[in-house]
There are 2 protein chains.
Amino acid sequence: MNRRLSDTAPNLPTLADVARAAGVSTATVSRCLNSPALVQTATRDRVLSAVAALGYSPNFGARALAARRTGIIGAIIPTMENAIFARAIQAFQEELHLSGQTLLVASSSYSPEIEADQIRTLVARGADALLLIGHDRDPGIYAFLEQRGVPVLVSWAFDPAQARASIGFDNRRAMAGLAQEVLQLGHRNIGMISAHAAGNDRARDRIAGVRDALRDHGVDPAALDLIETPYSIANGAEAMARLMALPTPPTVVICGNDVLAVGALQMARQLGLDVPRQVSITGFDDIELATVVDPALTTVHVPHREMGRAAAQLLVGMVGGGAAPAPVCLETKLCFRGTLAAPRT
Amino acid sequence: MNRRLSDTAPNLPTLADVARAAGVSTATVSRCLNSPALVQTATRDRVLSAVAALGYSPNFGARALAARRTGIIGAIIPTMENAIFARAIQAFQEELHLSGQTLLVASSSYSPEIEADQIRTLVARGADALLLIGHDRDPGIYAFLEQRGVPVLVSWAFDPAQARASIGFDNRRAMAGLAQEVLQLGHRNIGMISAHAAGNDRARDRIAGVRDALRDHGVDPAALDLIETPYSIANGAEAMARLMALPTPPTVVICGNDVLAVGALQMARQLGLDVPRQVSITGFDDIELATVVDPALTTVHVPHREMGRAAAQLLVGMVGGGAAPAPVCLETKLCFRGTLAAPRT
DNA sequence: TGAAAATATGTAAGCGCTTACATTTCTCTC
DNA sequence: GAGAGAAATGTAAGCGCTTACATATTTTCA
């Protein structure tokens, strides 16, 4: 049988062609490409000119098959249309590039089913390791990855109770810190707009953080007016409208992220409410939007880039049987800007 | 030699294991997975249960090597931290997913060198086809891709003068349309903030569009106060400050994209200038930011999602020797919002 | 009813590379 | 200058899959 005559595929030079042209064995050519130090300079030069002359470049499938690695690292994020993930992922990929790895990103649209599907796809596409967001997912998925020998790093979350490798920040403590400040200012009637907590440990931890702070101040955590809604400016606005329509509307609305907060801010303006004099609003993430709006958003800064960069380093170390690193916890920082003030008395 | 005993890699089941378990040949198993219609239902069921029982999933490298395709489509965008690319790429990937293809994205940080490097990387990673932004690049790159038999689709630009497959919109005509409106309102003293035009045909075309409109109105195109600056809100603001410091500052600032326009808007506010009464500002792209700022940005809407979706369909058709489709031109739309008005008289 | 046509399955030859091991060729050291 | 050790290169066995072609089985219809 002869597939070389397929009319569409060009006949590319192979390792053997290069070896022939350079008068060496295929092993030597392979070594020139993968561990040049093992080859004498003169030979190497001869081989490399042959490579250049023929316009050779290695066949990916063959290399992956023989080496049992692809050099591809997978990452699954909820959506690319979100600055926080985009930013972290950008840093992640820049760092991977330095170690010669390539990033393969997929997005789950915040759906556990799609995420599971994407995980399988990435593994089927040969990902050597995976970066995931948050711990929360079907244990079967972790078992599957374990069985396939694909190392996993969980990001965006720090939870010492989880044994697996992870890098992130303490969502709960960070949000509790912000809520403390809110309470200190005298707010007692508190609203919260959050992403859906089911299957989203970041959202859940942030809500828990607010409740922690309430408890610390002797406020009943159950009294928190909480609305869960999908991630978007419009949804943030809509939730804000509902909170403000309450019999006793909150004097402050703590949002689970900046996007929801910007929506809330827009709605406040639309309702003719003065922020922060009539109602305070806070965000979480510190994305670019936070400083574009007026007044600028009081929020929690998360070191996304740093997280992306560090994640890449950890993951590269885990490929090829490196021991799982200890969980890493990064620091967040409160950013006081224009949308938070004491309640009107 | 026996590599199976490597202590890190797990011993995964192979096609042959499945074949043995199901009592069929490896060919039949392969067919079950790739063209189920060719296999009798009873046999197929037997094979699929064996697959499930063993937890089998195909080895990527081996499949790619034998089939001479990876199912990976590459895309290179300037940056992931830009909503317009993120949005288009998201739609692109959703559509690819429907045809069982996987997207591999890389970013060039607007650098031709990095882009060339990334193109080589993606091809080396087995990309079956490539999506690129804009036509502008070293002809050697196109030659390389041609030689490797990797189909390319250029997006974001429509230029009938370019023979290659492309999908985009007419940046020049779209921007000319906006500039016409600006001139119609009576503006004659016009400033422009653009991304760097070198190596960026989109930016160049948009500038050309403004000059076209000027010429149509009998204004000397050379009189355009043009500042080129990298893509960011801060740079837009800085450029705005420079324009406003001119002896006769422009009455309108046309920006090459929304991000620069938002920067300009911020600076106008900071300078105490009333937009649009004292100075008008326009953008291009219609990203979410455009409606978040106050006043909302007058801009040009680009059908990013539609472009991404259509690009995926075209590219899938081109893999495996499909004929190159004719260039596609999508329509843009002017969005009149709050930042454009007649000049103060 | 039997031969041709259609359908289902098996056989086995690669796909192009990496790498364990074997072999050859240098470099020392005494 | 001989022997030991190090360095450079070659040999060839897979890696796990797809698919052309061969073979076996069933269907169709004159």
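In what follows, every chain begins at residue 1, and chains take the letters A, B, ... in the order their sequences are listed. Just the heavy atoms: all of them, side chains too, but no hydrogens, waters or symmetry mates, feed the values below.
Atom C1' of nucleotide C:dA8 and atom CZ of B:Arg46 are separated by 12 Å, given to the nearest angstrom. For the pair A:Arg20 CZ and D:dT9 C1', the interatomic distance rounds to 18 Å; values are reported in whole Å. Between the CG atom of B:Leu65 and the P atom of C:dA13 there is a distance of 17 Å, rounded to whole Å. Atom-to-atom, CG of A:Leu12 to P of C:dC15 comes out at 13 Å; the value is rounded to the nearest Å. Taking atom CZ of residue B:Phe60 and atom C1' of nucleotide C:dG16, one finds them 15 Å apart after rounding to whole Å. If you measure from atom CG of B:Asn59 to atom C1' of D:dG14, you get 13 Å, rounded to the nearest angstrom. Spacing between atom CG of B:Leu15 and atom C1' of C:dT11 amounts to 15 Å, rounded to whole angstrom units.
The side-chain contact (heavy atoms from CB on, under 4.5 Å) test applied to A:Leu48 returns A:Leu33, A:Arg44, not counting sequence neighbours. Applying the side-chain contact (heavy atoms from CB on, under 4.5 Å) rule to A:Ala310 yields the partners A:Ile167; only residues at least two apart in sequence or on another chain are considered. By the side-chain contact (heavy atoms from CB on, under 4.5 Å) test, A:Pro78 pairs with A:Phe85, A:Ser108, A:Tyr110, A:Ile133, A:Arg202, sequence neighbours left out. For A:Ala116, the side-chain contact (heavy atoms from CB on, under 4.5 Å) partners at least two apart in sequence or on another chain are A:Ile141.
A:Asp201 places a side-chain N or O within donor-acceptor distance of the main-chain N or O of A:His135, the cut-off being under 3.5 Å. Counting only distance, with no hydrogens or angles, the side chain of A:Thr26 and the backbone of A:Ala16 share no donor-acceptor pair below 3.5 Å. Using modelled atom types, one side-chain atom of A:Thr121 and one backbone atom of A:Asp117 make a donor-acceptor pair closer than 3.5 Å.
For the residue pair A:Ser57/B:Arg148, the side-chain donor-acceptor check at 3.5 Å is satisfied.
The cationic atom of B:Arg120 (NZ for Lys, CZ for Arg) lies less than 6.0 Å from the six-membered ring centre of B:Phe144 and within 45° of the ring axis.
For DNA chain D, the neighbouring residues in residues 24-44 of chain A, judged by any heavy atom under 4.0 Å, are A:Val24, A:Ser25, A:Thr26, A:Ala27, A:Thr28, A:Arg31, A:Val39, A:Gln40, A:Thr43. Against DNA chain C, the stretch residues 49-56 of chain B makes no heavy-atom approach under 4.0 Å.
For D:dT18, the OP1/OP2 oxygens have no side-chain nitrogen or oxygen of B:Arg68 closer than 4.0 Å.
For B:Thr14, counting side-chain heavy atoms from C-beta on, the closest listed nucleotide (C:dG16, D:dG16, C:dT18) is D:dG16.
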